[in-house]
Amino acid sequence: MRTSQYLLSTLKETPASAEVISHQLMLRAGLVRNLASGLYTWLPTGLRVLRKVENIVRDEMQRAGANEILMPMVQPADLWEESGRLDDYGPELLRLNDRHKRSFVLGPTHEEVITKLVANELNSYKQLPLSLFQIQNKFRDEIRPRFGVMRGREFLMKDAYSFHLEQECLEKTYQNMFDAYCRIFDRLGLNYRPVLADTGSIGGDASHEFHVLADSGEDDIAFSDSSDFAANIEKAEALAPTEERAEPTQNIETVELKLERLIKTTDIDLKTTVKTLLVVGASEDGEAEKLVALVLRGDHQLNEVKAESLTGIASPLTFATDEQVSAVVNCHSTSLGPKGLDIEVVVDRSAAHLSDFVCGANKNNHSFTGVNWQRDCGEINIQDIRNVVEGDPSPCGKGNIVIKRGIEVGHIFQLGDKYAQAMKCAVLNEGGKNQTLTMGCYGIGVSRIVAAAIEQNHDKYGIKWPKAIAPFQVAIVPMNMAKSARVKETAEALYEQLNQANIEVLFDDRKERPGVLFADHELIGTPILLIVGERNLDNQQIEVKDRITGEKSLMAIEDVMSLFN
RNA sequence: CGGUGAUUAGCGCAGCUUGGUAGCGCACUUGGUUUGGGUCCAAGGGGUCGCAAGUUCGAAUCUUGCAUCACCGACCA
């Protein structure tokens with residue numbers, strides 16, 4: 001490709017709307033352009049990268065034995081009614097009507113469609129197991145699209161689904177996919193980790209996420225500092241303290257200050273206080289909403305995912321309104337405490353281990369000190385409901401927790417029969433009986449990977465693409481070609497030669513000064529620059545510059561092809 | 001959804017307080033100059049100042065409403 005025929009579209013200045021580095025560089029290097037919130041056009045350079053990522057993903061999926069198909073992006077709402085997710089999925093699901101007023105949704109994922117398909121196509125256990133995948137645009141009406149294509153509303157995703165008669169077979173395919181994912185991210189040249197994950201709205205049993213490690217990531221990942229253990233913080237278990245709980249030594253005293261003021265104005269350690277949050281409890285149909293109190297140590301944070309998975313607590317987790325609070329206890333939510341609270345109390349393991357602690361007194365602007373659980377609060381329900389923090393013992397039993405940020409680029413689930421049940425996806429088993437299938441599902445955010453790769457591979461000049469996904473393998477950068485017939489001749493010959501060899505080459509034939517050319521190619525991040533100049537032509541040499549290392553070296557023109565062996 | 005801020009040429013911004021029909025840098029066009037790291041000089045093209053209503057002789061500027069975009073939050077005792 002010649003730049004004179006190519007939509008390079010690089011920018012000197014960073015558009016004001018871009019916050020994270022990958023978004024800034026994607027705009028500056030001319031990879032994408034914004035159309036509306038969370039919607040992006042992929043320009044030629046960006047699309048080249050996207051296709052490369054896509055092809056690696058496709059290649060490894062096929063190697064793992066999955067069949068590629070393509071499903072419609074627009075799906076009948078009926079299907080979602082059938083699976084029960086039409087309401088569950090919430091406002092992220094974009095709904096629309098056709099001219100006949102029939103309801104449709106834009107597909108945020110394809111469990112319904114594929115399960116329906118397989119239910120219709122498969123009849124016998126002999127056809128199992130089966131894995132299908134597609135690489136297709138998804139639409140999710142995100143609450144807050146941000147960071148460019150990192151969290152867009154329309155994005156490119158690879159979604160794969162596997163179908164099995166037995167759990168054992170599912171587990172085998174799950175492991176197979178896990179391995180395929182590792183090969184994919186290895187080939188992409190990314191620093192990534194598989195981590196234990198929560199299953200979220202897709203549902204199911206076992207699950208791993210694949211995270212690219214980067215400070216700008218939206219997820220917190222808990223690692224052990226001395227084993228392979230890694231888990232999304234949503235999922236990482238906070239172990240109960242192992243030492244004996246101290247016996248009470250203090251009596252309860254009332255302080256006429258709300259807890260917040262008390263902590264600010266005295267030297268009470270946050271770790272000896274508890275905070276009390278009221279949430280809505282799970283209620284049967286027709287039953288009035290109850291409230292449940294969640295109690296955490298003052299320095300800990302509630303883990304909503306853990307909390308809402310407890311029986312007796314509404315999912316999604318809903319905090320009590322001021323009105324609901326005052327209906328249960330005669331004080332403001334800032335003066336709540338577990339003692340004397342006449343509702344179910346769920347206490348975090350660490351909070352439950354305290355003795356002589358400080359808490360709200362359930363009376364406006366009053367607190368208690370010297371409170372003890374059995375002595376003062378009666379029966380309590382102890383659960384793990386907090387986020388782990390750095391230094392906690394790792395749940396794997398080895399080492400302590402370290403927390404890093406990650407960008408979720410892949411997620412695999414053992415789904416079980418949730419969708420197969422709902423969509424009546426079954427085959428005849430060996431005994432001639434109908435048997436519902438069990439499923440796995442496996443996603444990769446293809447467009448997100450492009451942004452994640454940039455987050456991990458850039459410097460002050462621009463993007464430093466891993467070789468496998470660079471938009472071009474090499475660029476020819478002639479010095480003042482317009483003035484030197486020799487330079488032009490050599491550059492043209494090189495271009496011809498590289499094209500013949502099917503090497504993706506960008507020939508910069510613009511009439512620009514060298515500085516402009518260098519700056520653009522470094523911004524775009526082409527791994528190898530071939531610099532053709534009068535300076536070295538007398539010796540039949542050109543200069544080769546490595547974008548990753550920054551190293552420059554001279555090379556005989558006739559040896560250039562050796563760079564690509 | 002709540003909060004904050006923004007919206008003036010393709011991009012980055014000034015002008016608004018104190019109303020008088022719009023400016024700077026980059027980019028673009030033309031001519032010259034320069035030529036191994038974003039040259040320099042000159043001339044030029046491009047904007048119903050997000051939209052709508054109002055106030056006024058007169059609105060980018062004041063008022064109101066709407067829209068769009070971005071950031072923060074949606075555990076906080």
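Chain identifiers are assigned alphabetically (A, B, ...) following the order of the sequence lines, protein sequences preceding nucleic acid strands; residue numbering begins at 1 within each chain.
Between B/A9 and B/A53, the distance separating the two C1' atoms is 27 Å to the nearest Å. Of the P atoms belonging to B/C57 and B/C66, the separation is 28 Å, rounded to the nearest Å.
Every residue two or more places apart in sequence or in another chain was checked for a ring-ring contact (aromatic ring centres under 6.0 Å, His included) with A/Phe368, and none qualifies. A/Asn387 pairs by the side chain to side chain contact (heavy atoms under 4.5 Å, CB included) definition with A/Ile233, A/Gln301, A/Asn303, not counting sequence neighbours. For A/Trp465, there are no ring-ring contact (aromatic ring centres under 6.0 Å, His included) partners at least two apart in sequence or on another chain. A/Gln497 is linked by a side chain to side chain contact (heavy atoms under 4.5 Å, CB included) to A/Leu494, A/Met561, counting only residues two or more places apart in sequence or in another chain. By the side chain to side chain contact (heavy atoms under 4.5 Å, CB included) test, A/Glu218 is found to be paired with A/Arg146, A/Phe147, A/Arg151, residues two or more places apart in sequence or in another chain being considered. With sequence neighbours excluded, the residues that form a ring-ring contact (aromatic ring centres under 6.0 Å, His included) with A/Tyr495 are A/Phe507. Evaluation of the side chain to side chain contact (heavy atoms under 4.5 Å, CB included) rule for A/Gln5 yields A/Met1, A/Arg2 as partners, not counting sequence neighbours.
For the segment residues 350-358 of chain A, the set of residues with a heavy atom within less than 4.0 Å of an atom of RNA chain B is empty. Listed by residue number, the members of residues 505-535 of chain A with any heavy atom below 4.0 angstrom from RNA chain B are A/Arg513, A/Pro514, A/Gly515, A/Val516, A/Phe518, A/Ala519, A/Asp520, A/Glu522, A/Ile531, A/Gly533, A/Arg535.
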Protein-nucleotides 5-12 of chain B N/O pairs closer than 3.5 Å?
from	atom 1	to	atom 2	distance (Å)
B/C11	O2	A/Glu13	OE1	3.3
B/G12	OP1	A/Ala16	N	2.8

Find every protein N or O atom lying less than 3.5 Å from an N or O atom of nucleotides 1-4 of chain B, and list the pairs.
none

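Below the 3.5 angstrom threshold, one finds a donor paired with an acceptor across the side chain of A/Lys545 and the base of B/G37.
Note on residues 374-384 of chain A: pairs passing salt bridge (Lys or Arg N to Asp or Glu O under 4.0 Å), not counting sequence neighbours, are A/Lys306-A/Asp384.
Nucleic acid contact class of A/Ile263 (heavy atoms, under 4.0 Å, all strands): base.
If you check B/C24 for Watson-Crick or wobble pairing at under 3.5 angstrom, you find it paired to B/G12.
Contact check, A/Lys12 against B/A27: a side-chain N or O comes under 4.0 Å of OP1 or OP2.
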